[in-house]
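A quick write-up on the structure given underneath.
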Amino acid sequence: MAYEHLIDLNDLSVSKWNEIISLALKIKKNESVYSEACKNKILATLFYEPSTRTQMSFQTAMLRLGGQIIGFDNPQNSSVSKGENLTDTIRIVSGYADILAMRHPLEGAAKAAALYAECPVINAGDGGHLHPTQTLTDLVTLQSEKGSLSGLTVGLCGDLKYGRTVHSLIKALSMYPDNRFILISTKELSIPQYIKDWMNSHNCPYRECYSLAEAIPELDVLYMTRIQKERFASEEEYRQQKNVYILDMQKLFSAKQDLCILHPLPRVDEIDLNVDKDPRAMYFKQAVNGVYARMALIITLLNAREQTSLLSHHNPAVCCSNPKCITNHETYLEKSYKENGDLLVCEYCDERQLL
Ligand code: NCD
């Protein structure tokens, strides 16, 4: 049987996102109406990487919908430590649960899981690739705080290379009219080429810049991010990048009065604690919205009739050139690529290589 999954938000239609966002806001207004919406249903949370908000907000969401939860947050306590492969774990757990949320350090892992699961799979973050449920959380927050998801100048600042929340958010916001992006980062941590190509092909204007102070007056939304220490090849490379961007009250002085400051959290040093008191700081509200976004998503996927198409083309002779792609670790997975001009695009991790 095929299920509707959430691997990449852009696998679903924008009208579907809008339905999920309005359902989240409806639930937020009148939560008690939904207190039995998932009665007798079980959510499994499989977290192969650390998490506070994503994991607990998924669990909270299911409990508030009247459902129940199982799972692990440290794969070393599961049979993974005995050498079980990803898809065997998924086959088994999807026989116990009605829906799975999985976070994994390898890119494309959620898609690999969905290929073998006997229930819907939600990508709760796959390496430095995507994080669609954080994006739903961000969209719910922007809709409720700015009243619209279009006509926004959005600054994204920090680790734009490894920040999966950034990749998912840009892909989503470029589907709404009249948004533009200012991409604030060092050269080393600039946005991947495939995201630039995405913005270009969706006619979404963007500019790359180094200085947060220079960009801030123009912004309607400022999305701060943590430097993703765990994804650097060496500690030294990380040290060169940390503390380059710190949002403080002085920088906010020249910002718009209705600027909306978001951060997927956790914060390290990139937002000064004094900013928390500023009414423009929305990141704690954003984390609360994550529960409503995930409640709406769980209801939607458990009631879905359509199915997500997972792989379209196959080319088993070629290996993905991304060393962090799941297909280079779980080598039994069927390789699959889309052709884009003279490029082959891996359907698990979006890595591109020449044909
Ligand atoms: C983010 C993540 O895991 O990608 N956190 C989250 O899910 N809210 C951001 C981060 O870890 O920096």
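Numbering of ligands and ligand atoms starts at 1, following listing order. Note: hydrogens, waters and symmetry copies are ignored here, and every other heavy atom, side chains too, is used. If you're wondering where the values come from, they're calculated on a predicted model, not measured in any experiment. Residue numbers start at 1 and run along the sequence shown.
- Between Tyr238 and Phe232, the distance from one ring center to the other falls under 6.0 angstrom.
- One finds no salt bridge joining Lys161 and Glu188 here, because no Lys/Arg side-chain nitrogen approaches an Asp/Glu carboxylate oxygen to under 4.0 Å.
- Residue pairs meeting the ring pair (Phe, Tyr, Trp, His ring centres under 6.0 Å) criterion with at least one member in residues 105-133: none, sequence neighbours excluded.
- Sorted by first and then second residue, the pairs that involve residues 141-160 and meet salt bridge (charged side-chain N to carboxylate O under 4.0 Å, His left out), not counting sequence neighbours, are Glu145-Lys285, Lys146-Asp258.
- For residues 16-29, the side chain to side chain donor-acceptor pair (under 3.5 Å) pairs, not counting sequence neighbours, are Lys16-Glu306, Asn18-Tyr176, Lys28-Asn289.
- Summarising the geometry, atom CG belonging to Leu156 is positioned 8.0 Å from atom CG belonging to Leu222; distances are rounded to the nearest 0.5 Å.
- Within 4.0 Å of ligand 1, the residues that place a heavy atom are Thr54, Arg103, His131, Gln134, Arg164, Thr165, Arg226, Gln228, Pro264, Leu265, Pro266, listed by chain and number.
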